[in-house]
Amino acid sequence: MALIAGKTIITSISLFHLTMAYFMLFNPRTVDDQILVYILGRSMGLLPKTNVLIILGTQPPARGLDSPSPALAFLGVVLAMLGLSDLVSLSMPEELGALYYWGTQAPLRFMFSMGLVFYSYTFGPTGPLGSYTTGTSRKPGFFGGGGGSATDGLKNRVIFTFMFIEMIAWFWLWVTLREERSGVVERMRKQQERNAR
């Protein structure tokens, strides 16, 4: 028996997405200033995007999480849509939601989050395969400049922390749904037996 029900976990994740959407729309700097972002980022050796650029001797971009921007507004809308659609999906019948919809969504979202966590750390500035060391000739390609990759913006502590929280939450939901599955199947079997009489 799960300590916290799957619906409660889904509701919590959805409200987390809605909260993040609000902050991305109105005050994105708040996200970067959170102590959890700082601690996880520093423990994994991920610097804020502006520090990476200063170390490399390039100018930091004018935009980031310092002020609202069109990209952050788009991200806020996507997070709000994701949160609201997840909340609405909780109104599905339990056997359909727990067995089919969330039974496939939870592992898929867990794997995606785990992939981004792995990528942002492994290929980040101080990761095992990262190439942003002092004295390198390769410069990150933020906003089209330099010879870097288009995914260089994914290698920072905000992305790492957000995806790490997502990874933990979706794994927790996946395990919880697997524990609840037998109870849902048993209730469905009893309902079919009652309907057959």
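Residue numbers run from 1 in the order of the sequence given.
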*Shared-cluster residues of I39, by chain and number - hydrophobic side chains joined below 4.5 Å*: I35, Y38
*Looking at side-chain heavy atoms only, is the closest gap between L18 and Y22 below 4.5 Å?*
no
*Straight-line distance of R189 CZ to S182 OG, nearest 0.5 Å*: 11.5 Å
*Kindly determine whether T30 and D33 satisfy side-chain hydrogen bond (donor to acceptor under 3.5 Å, both in side chains), including the steps that lead there.*
CA-CA 5 Å; T30 306; D33 290 340; 6.0 Å; no
*Can you list the steps and then say if M163 with L154 is a side chain to side chain contact (heavy atoms under 4.5 Å, CB included)?*
CA-CA 10 Å; M163 285 298 133; L154 297 175; over 6 Å; no
*Would you check if Y101 and S89 make a side-chain contact, meaning some heavy-atom pair closer than 4.5 Å?*
yes
*Check the pair I159 / V117 against side chain to side chain contact (heavy atoms under 4.5 Å, CB included), numbers first and verdict last.*
CA-CA 8 Å; I159 296 291; V117 165; over 6 Å; no
*Could you tell me how the ring of F110 sits relative to the ring of W174: parallel (under 30°), tilted (30 to 60°) or perpendicular (over 60°)?*
tilted
*asked:* Show the nearest heavy-atom pair for residues G41 and T161, with the distance to one decimal.
replied: N-OG1, 4.5 Å
*asked:* Which label fits F123 and F118: parallel for a plane angle under 30°, tilted from 30 to 60°, or perpendicular past 60°?
replied: perpendicular
_So which atom in I4 and which in T176 form the shortest heavy-atom distance, rounded to 0.1 Å?_
O-CG2, 3.4 Å
*What's the spacing between S91 OG and K7 NZ if we round to 0.5 Å?*
8.0 Å
_Counting C-beta onward and ignoring hydrogens, is there a side-chain heavy-atom pair between F16 and F162 closer than 4.5 Å?_
yes
*Side-chain heavy atoms of W102 within contact of R109, under 4.5 Å*: yes
_Any non-hydrogen side-chain atom of I13 less than 4.5 Å from a side-chain atom of I9?_
yes
_Atom pair CD/CG of Q34 and L40 - distance to nearest 0.5 Å_ = 12.0 Å
*If you look at every heavy atom in H17 and G83, which pair is closest and at what distance?*
CB-CA, 3.9 Å
*What is the minimum heavy-atom distance between P68 and P28, and which atoms define it?*
N-CG, 3.8 Å
*If we only count heavy atoms from C-beta on, is the Y121 to K155 side-chain gap below 4.5 Å?*
no
*Is the count of non-hydrogen atoms from other residues, nucleotides or ligands lying under 6.0 Å from R181 atom CZ greater than 12?*
yes
*Taking C-beta and beyond as the side chain, do T19 and L79 meet within less than 4.5 Å on heavy atoms?*
no
*asked:* Restricting to non-hydrogen atoms, name the atom on D86 and the atom on S14 that form the minimum distance, rounded to 0.1 Å.
replied: CB-OG, 3.1 Å
*Does L3 belong to the same Ile/Leu/Val/Met/Phe/Trp/Tyr cluster as V184, with side-chain heavy atoms less than 4.5 Å apart forming each link?*
yes
*Determine the minimum heavy-atom distance between V31 and V37, stating which atoms define it.*
O-CG2, 3.4 Å
_Could you check whether any side-chain heavy atom of L25 comes within less than 4.5 Å of a side-chain heavy atom of L75, counting everything from C-beta outward?_
no
*Using atom types as modelled and distance alone, determine if a side-chain donor or acceptor of E180 lies under 3.5 Å from a backbone N or O of G6.*
yes
